[in-house]
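Here the structure is laid out as C-alpha cells; the discussion comes afterwards.
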Protein chains: 2
Amino acid sequence: MNEVSIGNAARISGVKVPTIRFYEEIGLLPRPARTNANRRLFADSDLRRLAFIRHCRELGFELDAIRALLKLQDNPKEPCEAADAIAKERLGEVERRLRSLKALQKELKRMIDGCSHGHVSQCRVIEVLANHSKCMHDNH
Amino acid sequence: MNEVSIGNAARISGVKVPTIRFYEEIGLLPRPARTNANRRLFADSDLRRLAFIRHCRELGFELDAIRALLKLQDNPKEPCEAADAIAKERLGEVERRLRSLKALQKELKRMIDGCSHGHVSQCRVIEVLANHSKCMHDNH
DNA sequence: GTTTGCTCCTCTAGTTATTAGAGCATGTAA
DNA sequence: TTACATGCTCTAATAACTAGAGGAGCAAAC
C-alpha cells in the first residue's frame, strides 16, 4: 500500500492540495496517516475516494450529495435506491438548467443581432434586459 | 411617482427584501428615500432597476457584469460596444455551459438506466462515479 | 556543509451572492 | 389596546473553495 504525499495525491487525483485538506477538515476524507515530520500520507483507498469525489463534483453533485453517496459506498449492503434518487435529482436539475440556458442563448443571440452598434440608448442589449415585456422566454 | 415599502418593492420586483438591502449596500442600487420613521421608499426607477438586475441574474450575469451594464445605462451617450461585448462574452459562456450540461445529462441518464435497483455493491450509479474508465465523456 | 528552492504544515481571512437571526421599533387591523 | 406583521441595523452563516502569512523539513547543488 504505497503511500504518497499530499502533493502527489493532488497530482494523481486531480484535486488541488488545499482542497484535499478542506475535504479532510469537513470529514469527506478520513484523516490520513502522518510521517514523523507530521506530513500526510495518502493510501490507495484515499486516492480512489478523492477521484470519486472529483468525478462527482465534475458532474455537478453537491458535497452533501457526495457525502450521501460515500456513506452508501461505505456500506454496500444497503439498497441502492438512495443513490439512484440522488442521480435522478441531479438529472432533473441538469435538465431544468438546460432549458433555461437554451432560452437564454436564444435571447442573447437576439440581443446581439438586434444591437445596431449605435449608442446605449438604442442598444437592445440593455433594453431587452431592462424591459421584462420584451423578454422572449416565458417562464417568468 | 408612487413610492413603495421594501416589502412591496420585493413583491413587485421579485427580489427578496434582504437582497434589495444588499444591492443597496454594494452600490448597485442608489440609496432610496426614507420616511420619517427611517423606512425605505422605493420609486419607480428603483423598481425598474431591480427588475433589470433580477433579469440579468436570471440570465446568469454576474453582479460585476450587471454593474457595468448599469453604468452604461446610467450614461447613455456612451457607445454600446461595451454592452455588446458583455453580451457576447455571456453568450460564449452560456454555450460552453450548454455543451457540458448536455454531456452531463447523457451520462446521468446512462447511470440511471444502468442501475439495476439492487444493492449498492452492484449499483452502476456509484460504480460509474467511482470508476473513471467507465466514464463516457472524454474531456478529462 | 550550507544555501537554494521546493514542498509541507497550521491558521486566518477572502471570495460570490446572498440568507438567517438577534434585538428592537413601527404600522395596521380586530 | 392588543396582537401581529413589517421594518430597521448588525453580525454571522452558507457553499466550496482559494490565498496568504509565517514557519519547518527535505533534496540537491555549490
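All values below come from the heavy atoms of this structure, side chains included, with hydrogens, waters and symmetry mates left out.
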Within 6.0 angstrom of A:E89 CD, more than 12 heavy atoms from elsewhere: no
Between P of D:dC8 and CD1 of B:I20, the distance in whole Å: 10 Å
Pairwise 5' ranking along DNA chain D for A:E62 and B:E25, keeping only the more 5' one: B:E25
Min side-chain heavy-atom separation B:L28-B:I53 under 4.5 Å: yes
Distance, rounded to the nearest Å, where A:D64 contributes CG and D:dA16 contributes C1': 11 Å
Student check: side-chain heavy atoms of B:R34 and B:R40 closer than 4.5 Å: yes
Side chain of B:R34 - closest among C:dT18, D:dT9, C:dC9: D:dT9
B:T19 side chain near C:dT19 phosphate (N/O to OP1/OP2, under 4.0 Å): yes
Out of C:dA17, D:dG7, C:dC8, whichever nucleotide has its closest atom nearest the side chain of A:V17: C:dC8
Spacing of B:F22 atom CZ relative to D:dC10 atom P, expressed in whole Å: 16 Å
Nearest-angstrom distance from the residue atom CD1 of A:I53 to P of D:dA15: 16 Å
Separation of C:dA25 P from B:R39 CZ (nearest whole Å): 12 Å
Distance test, side-chain N/O of A:S5 to OP1/OP2 of C:dT7, below 4.0 Å: no
Nearest-nucleotide pick for B:L63, side chain only, options being D:dA16, C:dA17, C:dT10: C:dA17
B:K16 side-chain N/O to C:dT18 phosphate OP1/OP2 under 4.0 Å: no
Phosphate OP1/OP2 of C:dT18: any B:Y23 side-chain N/O under 4.0 Å: yes
Neighbour count above 12 (heavy atom, 6.0 Å) for B:E62 CD: no
CZ-NZ distance between B:R54 and B:K16, expressed to the nearest 0.5 angstrom: 11.0 Å
Rounded interatomic separation in angstrom, taking CZ from A:R57 and P from D:dA16: 5 Å
B:I6 CD1 - D:dA5 P separation (whole Å): 19 Å
Sugar-phosphate, base or nothing in reach of A:R21, heavy atoms under 4.0 Å: base
Comparing A:T35 and A:P18 on DNA chain D - which has the more 5′ nearest nucleotide: A:P18
Whole-Å distance separating the CG atom of A:L41 from the C1' atom of C:dC8: 12 Å
